[in-house]
There are 2 protein chains.
Amino acid sequence: MYDILRKYIDRVTSAVITDEEFVYIEQAFDVRKVKRKQFLLHEGSVCRYMSFIASGAMRQYSIDNSGNEHITTLALEGWWISDRGSFYNVTPSRYNIDAVEDSTLLVANLERINLLKEQSLTFLKMAHILDQNHSIAAQKRIEASVSYSAEEKYNYLVQAHPEFFNRFPQSMLASYLGLTPETMSRVRKQVLSR
Amino acid sequence: MYDILRKYIDRVTSAVITDEEFVYIEQAFDVRKVKRKQFLLHEGSVCRYMSFIASGAMRQYSIDNSGNEHITTLALEGWWISDRGSFYNVTPSRYNIDAVEDSTLLVANLERINLLKEQSLTFLKMAHILDQNHSIAAQKRIEASVSYSAEEKYNYLVQAHPEFFNRFPQSMLASYLGLTPETMSRVRKQVLSR
DNA sequence: AAATGCAGTTGATCCAGATCAATTGATTTA
DNA sequence: TAAATCAATTGATCTGGATCAACTGCATTT
């Protein structure tokens, strides 16, 4: 169960973590299973966990003033999911996180994460790289959302995350791209016909 | 000159850095002055520096397929500016960075930054917090760009960064919000008349 | 002080994508 | 296995914000 996390850490830090160091990490995280449609975080409450997805699929979304859902994150096994802002600043979240498939998570609360960063330099580095990657990815999404047309957004997703198409319903992909399901359907038809 | 950086580090790490440790930081950064309209980074080249703005105002923007400018970042003294993706992965950037006002920067290249992270744990922590904050802010901008109307975007900027209105021309603020200058002007008129 | 050129405003028109609505097919639940 | 959701498609219509265009200061240059 913890293997996939260990491999993840080795990969992103470009190193091989020692058994002694990994013990700290193993101790910090609890295994938690969530069923499809079960919530990990509700809007208005504080995001208490940093979660590593060992298996399954999760999504994070907000609801705007007009009641429309906007998916901000789609995540599969081997990815992290958490509302960083809420988690680190211990403030109420504006997001919901729920399971798109039955999933197994490795979860740790803020105290454990902070302790772990003191105990394991490798983990600190991993957390740092994780945030770097997250902020780089966020930058790209901002750019995509302001400068791409619906069709360009669709094409971007096809090449950036082709695996999403087998794991998430098309309407969720639409929301993730900032499109309506109808527009997504039309764009898809358009693109496939070429 | 380095004072503002020192205060910044103290503030974000909630600690007071020692003189010995700060020596490393001082040594890593060079002072660089840029004139208004001068470029720090051109699209297509690698972003070689992580820059702390000691004084002045900078912007980062990309140019889309239709030739339109999209400002992704506006930054004032006490902020960092850099294309993280290009900087850390040493890949060509799709962004331009130039000075909106004559500015004084403290710049360090990747080698120096990496060395500094080994030498100074405080700096490593700062870099980590910096990336955290950046990714939290990026998350908010993504949300704003997909779920806010033009007027809501304008109001968001007024409350989030009122200081921008005295430092950047309105057309740049429009681009930063993903609006045209004409729409920005109309929204402004609309909002002020209430 | 004339000339040039931006930044901002205002008006008229246009369009990409949203919204509303109906239909079909697939999946979940009872 | 029937009923009830839900996902996806397709068509018709609408609209927020973009685009195009003309005009008005300011500010910079000569």
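Order of the sequence lines sets the chain letters (A, B, ...), proteins ahead of strands, with each chain counted from 1.
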| Nearest to the side chain of A:Lys189, which nucleotide is it out of D:dT10, D:dT9, C:dG17? | D:dT10

| task | Return the value, rounded to whole Å, for the distance between atom CG of B:Asn68 and atom P of D:dC20. | result | 10 Å

| query | Under 4.0 Å between a side-chain N or O of A:Ser185 and OP1 or OP2 of D:dA8? | reply | no

| For the student: nearest non-hydrogen atoms of A:Ala28 and A:Ala108, plus distance | O-CB, 3.5 Å

| query | In whole Å, what is the span from the CZ atom of A:Arg186 to the P atom of D:dT9? | reply | 11 Å

| remark: Side-chain contact check for B:Thr183: nearest option of D:dA18, D:dA8, C:dG8 is D:dA18

| request: Specify the separation, in whole Å, of atom CG of B:Leu177 and atom C1' of D:dG16. | output: 16 Å

| task | Mind calculating the distance between CD (A:Glu182) and P (D:dT10) to the nearest angstrom? | result | 12 Å

| remark: A:Tyr154 atom OH is separated from D:dA8 atom C1', nearest whole Å, by 13 Å

| message | Mind checking if B:Thr180 touches a base, just sugar-phosphate, or nothing, with heavy atoms under 4.0 Å? | response | base

| Distance under 6.0 Å and angle within 45° of ring axis: B:Arg84 vs B:Phe87 | no

| Between P of C:dC15 and CD of A:Glu151, the distance in whole Å | 18 Å

| field | Rounded distance (Å) that lies between atom C1' of C:dT28 and atom NZ of A:Lys35 | value | 15 Å

| note | By nearest-nucleotide position on DNA chain D, the 5'-leaning member of B:Arg36 and B:Val187 is B:Val187

| request: Answer with base, sugar-phosphate or nothing: what part of the nucleic acid does B:Pro181 contact at a heavy-atom distance below 4.0 Å? | output: nothing

| Nearest-Å distance, CG (A:Leu179) to P (C:dT19)? | 12 Å

| query | Under the criterion ring-ring contact (aromatic ring centres under 6.0 Å, His included), which of A:Trp79, A:Tyr8, A:Tyr2 is the partner of A:Phe52? | reply | A:Tyr8

| Should the pair B:Arg141 and B:Tyr176 be classed as cation-pi, given the thresholds of under 6.0 Å to the six-membered ring centre and 45° from the axis? | yes

| task | Describe, in one word, how the ring planes of B:Phe164 and B:Phe168 are oriented to each other, choosing from parallel (under 30°), tilted (30 to 60°) and perpendicular (over 60°). | result | perpendicular

